[in-house]
Amino acid sequence: MELSDWPQSNSVRNEFYQKLLGKDLAQMNAYWASLSFSGKARPPKEINQDSIEALVLWLSAKRFRIGYAPLSLIPKDANILYIVQKEEL
């Protein structure tokens, strides 16, 4: 299985980590660095372009790839595994 990630500059990336894990980009980078250094896991593949089209192209190139995007951008024929809900205050 291969995981994808948005470029560092994309706001979707930070929002995703905050809502799903309660961590910011610096915390996630440190987490992935420690896992990578110990040989326990590889960080997600950062897609080259900051667009849903680039993500869909990367996902469709091989089976068993996973990505994330705002629900409003996901193509209708995509398989959705999980939806991160906004917290109600």
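In terms of modelled atom types and a separation under 3.5 Å, the side chain of R65 and the main chain of L3 share no donor-acceptor contact.
A salt bridge is defined here as a Lys NZ or Arg NE, NH1 or NH2 lying under 4.0 Å from an Asp or Glu carboxylate O, and R42 with E2 fails to meet this definition. Look at D5 and K45 and you find no salt bridge, because none of the NZ, NE, NH1 or NH2 atoms lies under 4.0 Å from a carboxylate O.
One finds the CG atom of N79 at 7.5 Å from the CG atom of L81 (value rounded to the nearest 0.5 Å). Distance check: F16 CZ to L20 CG gives 4.5 Å after rounding to the nearest 0.5 Å. Taking OG of S4 as the reference point, atom CD1 of I66 lies at 9.0 Å (rounded to 0.5 Å). Annotation: the span from I47 atom CD1 to I52 atom CD1 amounts to 7.5 Å, rounded to 0.5 Å. Between the CG atom in L25 and the CD atom in Q18 there is a gap of 8.0 Å [rounded to 0.5 Å]. The OG atom of S36 lies 11.5 Å from the CG atom of N29; values are rounded to the nearest 0.5 Å.
Relative orientation of the Y68 and W6 rings is perpendicular, given thresholds of 30° and 60° on the angle between their planes.
Other residues, nucleotides and ligands contribute only 12 or fewer heavy atoms inside 6.0 Å of the CD atom of Q49. Shown here is Y31, whose OH atom has no more than 12 heavy atoms of other residues, nucleotides or ligands within 6.0 Å.
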Could you please spell out the steps behind the side-chain contact (heavy atoms from CB on, under 4.5 Å) verdict for M28 and R13? CA-CA 10 Å; M28 288 307 301; R13 184 174 180 164; over 6 Å; no

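Under the 4.5 Å side-chain criterion, counting only non-hydrogen atoms from C-beta, V56 is not in contact with I74.
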